[in-house]
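Data first, discussion second: the structure below is written as structure tokens.
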Amino acid sequence: MMKQSAEKTTSKNAVKTVIPSIWRTAGGKYSLIMLAIWLVVSAISLVWTPYSLLDTDGFNTWLRRPALTCWVLMVLALMC
């Protein structure tokens, strides 16, 4: 029982030490900010998407031919 308590304390101390040391560098700040944004977007996408993840079929979606409007928009984008 005492060993588990010591492991929890050690891991909490490690997090308190590692996160600030990462935050002190420019690359660390960028990485932590990007990670936070990614986690927030991931959490929002769980409730904000129009379909459940299990209801989607990404493989067969790519097999469909694009509509005529898609081709027209692509040509117009290339002309600009």
Side-chain angles (χ1 to χ4, degrees):
M1 208 57 172
M2 189 62 123
K3 188 175 185 178
Q4 289 179 346
S5 163
E7 288 176 1
K8 287 183 182 178
T9 305
T10 304
S11 65
K12 286 181 182 178
N13 289 339
V15 169
K16 288 180 182 178
T17 303
V18 171
I19 298 297
S21 67
I22 293 172
W23 184 256
R24 284 187 204 114
T25 64
K29 283 182 184 174
Y30 175 78
S31 299
L32 289 175
I33 290 170
M34 287 293 113
L35 179 64
I37 291 171
W38 181 72
L39 290 173
V40 168
V41 169
S42 298
I44 290 172
S45 72
L46 290 175
V47 294
W48 202 335
T49 54
Y51 303 107
S52 169
L53 182 61
L54 299 176
D55 293 339
T56 59
D57 186 13
F59 181 73
N60 289 328
T61 299
W62 291 104
L63 293 177
R64 289 185 304 171
R65 290 187 57 203
L68 179 63
T69 55
C70 181
W71 289 107
V72 171
L73 290 174
M74 187 171 58
V75 168
L76 288 175
L78 290 173
M79 292 174 64
C80 292

- Task: Identify the heavy atoms of T17 and N13 that sit nearest to each other, and give their distance.
- Result: OG1-O, 2.8 Å
- Message: Any heavy-atom pair between the side chains of W23 and I33 that's under 4.5 Å?
- Response: yes
- Item | Partner of I37 by side-chain contact (heavy atoms from CB on, under 4.5 Å), out of V41, L35, V40 | V41
- Item | Rounded distance (nearest 0.5 Å) linking atom OG1 of T25 with atom CG of L32 | 8.0 Å
- Item | Separation of L78 CG from L73 CG (nearest 0.5 Å) | 11.0 Å
- Single-linkage hydrophobic cluster, 4.5 Å side-chain cutoff, W38 and I19 together: no
